[in-house]
Amino acid sequence: MIKKCLFPVAGYGTRFLPATKAMPKEMLPVVNKPLVQYAVEEAIDAGMSEMAFVTGRGKSAITDHFDFSYELETQIRGSGKEEYLSSIRSVLDSAVFSSTRQREMKGLGHAILTGKTLIGNEPFGVILADDLCFNGEGMGVMAQMAKLYNQFRCSIVAIMEVPQDQVHKYGVIAGECMKEGLYRVDDMVEKPAPEDAPSNLAIIGRYILTPDIFNIIQDTPPGKNGEVQITDALLKQAREGCVMAYKFQGTRFDCGSVDGFVDATNHVYQNIYLQS
Ligand code: UTP
């Protein structure tokens with residue numbers, strides 16, 4: 001059973017400036033809930049109970065969000081507005097929260113390595129909150145991956161098919177198809193040009209990692225864009241051991257981009273908010 005989930009939330013969110021100048025991207029609300037709360041709820045739904053944030057400067061709103069707000073609780077208790085706090089209360093009752101800071105934005109691989117102190121020597125989930133995933137009434141994406149982990153006991157990345165002209169935005173895998181939607185990775189390239197992409201199977205922001213990844217990241221030099229890429233570390237792990245890629249069930253919205261964020265907002269409003 002995987003207990004811990006890591007949330008790298010230190011990025012600058014430049015694509016959302018000026019909204020993200022003083023506010024973390026992960027606190028942008030999709031309808032009435034911040035992106036990062038959806039992410040934590042997905043981890044809880046996967047049976048995880050220890051949430052670890054890798055934050056940066058200007059991100060304290062995230063840790064405040066997952067703390068008890070004494071003034072708010074006192075003010076609202078017994079009033080008709082109490083129901084508005086129910087989802088966050090339930091999150092706070094279901095998990096414990098810790099955080100550490102990434103002092104320099106040296107890439108996702110470096111952010112994950114920074115989280116080592118919170119994770120220790122056990123397998124863990126990683127959720128990038130700006131990739132918002134839903135699977136209707138079915139299992140969440142992290143829960144699907146945790147189930148697979150129990151079977152394979154190796155690192156797992158979530159993948160989806162993307163159009164060839166979009167591969168340059170993602171880490172892209174190639175691998176041996178083990179069964180429908182499940183691949184054993186043998187190649188991985190970060191943000192390839194379309195002609196260099198080994199497939200159109202793109203990694204999205206959901207991972208389960210075994211703790212040996214930390215030593216591998218430590219030995220991984222900066223790659224694409226001068227950043228320490230988790231893709232480079234995972235390729236080494238795949239070549240020396242095993243990494244699986246899983247085509248998840250559900251829909252993913254790229255909330256790091258304005259178009260994806262608007263699509264997610266419409267989806268949540270129509271399919272979740274109006275139905276609740
Ligand atoms: P992104 O590149 O999508 O996020 O990184 P960003 O840098 O915030 O966005 P833009 O491109 O400037 O608009 C993917 C995830 O990895 C985290 C980000 O917070 C995001 O959740 N990340 C990235 C870190 O925590 N540290 C880093 O050094 C880089």
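Each ligand, and each atom within it, is numbered from 1 in the order the structure gives.
- Across the listed options Thr14, Val9, Asp131, Thr14 owns the non-hydrogen atom lying nearest to atom 12 (O) of ligand 1.
- Contact annotation for Gln102 and ligand 1: only side-chain heavy atoms (C-beta onward) come within less than 4.0 Å of the ligand.
- Distances between N or O atoms of Gly13 and those of ligand 1 include at least one value under 3.5 Å.
- The aromatic rings of Phe214 and Phe124 lie parallel to each other, their planes meeting at an angle below 30°, with 60° marking the opposite boundary.
- Residue, atom and distance of the protein heavy atom nearest to atom 20 (C) of ligand 1 are Asp130 OD2, 3.9 Å.
- Ligand 1 has no N or O atom lying under 3.5 Å from any N or O atom of Phe16, backbone or side chain.
- For atom 5 (O) of ligand 1, the nearest protein heavy atom lies 4.0 Å or farther away.
- The shortest heavy-atom distance from His110 to ligand 1 is not under 4.0 Å.
- Relative ring orientation between Tyr273 and Tyr269 is described as parallel, the plane-to-plane angle staying below 30° on a 0-90° scale split at 30° and 60°.
- Remark: distances from the non-hydrogen atoms of Glu26 to ligand 1 include one below 4.0 Å.
- Using a 4.0 Å cutoff on heavy atoms, Gly107 counts as a contact of ligand 1.
- Inclusion of Leu108 in the set of residues having an N or O under 3.5 Å from an N or O of ligand 1 is not warranted.
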